[in-house]
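Just follow the structure's listing: the first ligand is 1, and inside any ligand the first atom is 1. All residue numbers refer to positions in the sequence shown, counting from 1.
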Amino acid sequence: MEKQIVIIGAGASGVAAATKLVSNGFSNVTILEAGNRIGGRINTIPFGANVVDMGAQWCHGETGNVVYEMAKDKNVLAHKTEKHQSDGYRYVRSNGEEIPVELSKKITALIMDIMGDHYEEERKSYGSSGNFYAAKFKKALESDEFKEVDSELAHECMEVFHRAVNSIDGCDTWYELSTNYHEYEECDGDYKMNWKDKGYATVLDLMQNKIPDAKNPQSVIDVIPLTKFNKEVVKVCYNQPGAPAKITCKDGSSYSADHVICTVSLGVLKERCLSMFEPLLPLWKYNSIDGMMIGTVDKIYLEFDKPFWSENWQGFSCLWKLEQVKEVREDPVNGDWLEGISGFYPFNPLQPNVICGWITGKLACKMEEKSDVEVKNGAEKVLRMFLRHLDIPDAKKMVRSTWHSNPLFRGSYSHFVLKAEALETNNRQLAEPINDSNGKPVIQFAGEATSPKYFSNVHGAVDAGWREAERLINLYK
Ligand SMILES: Cc1cc2nc3c(=O)[nH]c(=O)nc-3n(C[C@H](O)[C@H](O)[C@H](O)COP(=O)(O)OP(=O)(O)OC[C@H]3O[C@@H](n4cnc5c(N)ncnc54)[C@H](O)[C@@H]3O)c2cc1C
């Protein structure tokens with residue numbers, strides 16, 4: 001098949017689309033990638049004993065998960081261990097007071113219960129998830145079961161819950177999340193499988209058949225020769241009827257395409273859609289880009305010479321008290337972001353000397369503006385504040401993500417918000433192609449945010465890439 005296909009972006013979705021097209025006989029596929037690597041928000045880098053993932057980290061679930069399907073027989077995934085069960089989470093206040101283990105367990109169980117068992121109930125209600133969750137949580141904490149929780153502690157626990165939701169959904173606040181989203185599905189099965197000492201980049205090899213499978217040998221589809229790196233697309237002109245689309249890059253080079261598959265993140269689309277497409281995208285498409293949302297979730301990895309924690313320690317969630325919030329805000333160097341740190345956790349038994357801190361929303365964006373030295377010092381300060389009974393050495397090394405300030409991403413992952421509901425738009429509209437007058441797709445859209453069932457996840461991004469490849473495969477069948 002000689003049709004010229006240009007894929008914008010070599011993240012999971014772009015790689016999925018390219019490999020599917022090539023394996024179905026399309027011989028003229030080019031990926032234009034603005035960065036200098038494949039993977040996008042899958043970014044596995046060397047750190048500590050092996051690697052860490054700055055973006056996607058866990059394979060979330062088994063049933064219906066295309067990533068799990070590719071990986072399950074290849075001995076590349078490790079299941080969640082006893083040590084990483086969620087009832088092991090501990091809550092520590094910023095004055096160093098540790099919440100008793102039994103109470104920590106009860107609070108975690110309550111959060112899981114509200115998010116899990118009430119999932120269906122939530123979907124039947126209208127309004128923001130924040131209102132829904134906060135009302136349930138407040139009511140439960142007022143019951144006899146939680147009589148040891150005073151109003152100050154209740155407020156701190158609510159904030160922990162709020163941050164957990166922000167981190168899972170990738171939003172800046174749970175008050176913008178809509179409860180009324182019916183299509184999203186969680187895949188049943190282990191929700192926290194890790195990629196041993198190789199990281200999530202393994203899935204890029206899986207898609208290219210680079211991990212041998214004796215039972216089902218397949219030829220390698222190497223996407224590197226198809227990919228032109230450092231090609232930041234600035235313009236896609238698709239207005240001449242019957243003529244190919246013209247794609248122009250920042251360096252002045254240009255490419256023709258019968259079909260363009262755009263896989264850039266929702267954050268990039270939001271920032272650039274008015275300048276990138278000529279003619280302008282139709283209003284229904286613009287509304288889907290404007291209405292859907294992407295937030296910021298960042299990680300701060302710290303490596304120590306040896307663990308300062310005990311073998312069974314599972315990390316802690318931060319209960320920020322007002323005194324310490326005031327104290328950090330008055331810190332002239334780091335004050336404006338430290339209170340955004342929601343906890344530190346060990347994350348993989350194969351990384352015994354490394355812990356990961358999490359930060360979301362506007363305070364994550366502020367963290368991104370700081371230098372590496374400031375972030376390292378700030379993270380150490382928070383550890384020493386919360387774990388003041390321990391003698392915590394300086395970390396040996398630190399790496400952190402910057403998903404919001406990176407112009408190639410402008411955020412971490414997408415979520416469904418009240419604004420999308422108000423504009424009567426959703427991921428399906430984001431996924432709809434722009435067709436020419438003959439009804440053939442000229443500009444197609446893939447990427448995680450276009451997956452109605454699995455947006456925000458790698459398996460959604462892969463699914464979406466395959467969906468758009470199949471659209472063309474079916475067109476030319
Ligand atoms: C902190 C964090 C943790 C996460 N954890 C998980 C997890 O545990 N499990 C999970 O399943 N998912 C997780 N995710 C989500 C997952 O990483 C994404 O859903 C998925 O990787 C998105 O892939 P994509 O191909 O849609 O987009 P991207 O990976 O964003 O790919 C788009 C590509 O387009 C390129 N690009 C952008 N602009 C241009 C341009 N103008 N011209 C050319 N190229 C351009 C970018 O450089 C990028 O390579 C996480 C994400 C983050 C940030």
**Prompt:** Between R467 and T450, do the side chains contain an N or O donor and an N or O acceptor separated by less than 3.5 Å?
**Reply:** yes

**Side-chain touch K285/F445, heavy atoms, less than 4.5 angstrom** = yes

**Message:** Looking only at the aromatic ring of each residue, does the gap between the centers of F416 and Y184 stay below 6.0 angstrom?
**Reply:** no

What are the polar N/O contacts of ligand 1 with the protein below 3.5 Å, with distances?
| residue | atom | partner | partner atom | Å |
| --- | --- | --- | --- | --- |
| ligand 1 | 8 (O) | Q57 | N | 3.1 |
| ligand 1 | 8 (O) | W58 | N | 2.9 |
| ligand 1 | 8 (O) | W58 | O | 3.4 |
| ligand 1 | 8 (O) | H60 | NE2 | 3.4 |
| ligand 1 | 9 (N) | W58 | O | 2.8 |
| ligand 1 | 9 (N) | H60 | NE2 | 3.3 |
| ligand 1 | 11 (O) | V458 | N | 2.9 |
| ligand 1 | 12 (N) | V458 | N | 3.4 |
| ligand 1 | 17 (O) | R41 | O | 3.4 |
| ligand 1 | 19 (O) | S456 | O | 3.2 |
| ligand 1 | 19 (O) | N457 | O | 3.4 |
| ligand 1 | 25 (O) | A12 | N | 3.2 |
| ligand 1 | 25 (O) | S13 | N | 2.9 |
| ligand 1 | 26 (O) | E448 | N | 2.8 |
| ligand 1 | 27 (O) | R41 | NH2 | 3.0 |
| ligand 1 | 29 (O) | R41 | N | 2.7 |
| ligand 1 | 30 (O) | R41 | NE | 2.8 |
| ligand 1 | 30 (O) | R41 | NH2 | 3.2 |
| ligand 1 | 41 (N) | V233 | O | 3.0 |
| ligand 1 | 41 (N) | R272 | NH1 | 3.4 |
| ligand 1 | 42 (N) | V233 | N | 2.9 |
| ligand 1 | 44 (N) | A34 | N | 3.1 |
| ligand 1 | 47 (O) | E33 | OE2 | 2.6 |
| ligand 1 | 49 (O) | E33 | OE1 | 2.7 |
| ligand 1 | 49 (O) | E33 | OE2 | 3.4 |

**Message:** Which residues pass the salt bridge (Lys or Arg N to Asp or Glu O under 4.0 Å) test with K366, not counting sequence neighbours?
**Reply:** none

**E448 side chain to S13 side chain, donor-acceptor N/O pair below 3.5 angstrom** = no

**Request:** State plainly whether the residues K198 and D205 are in salt-bridge range, i.e. N to O under 4.0 Å.
**Result:** no

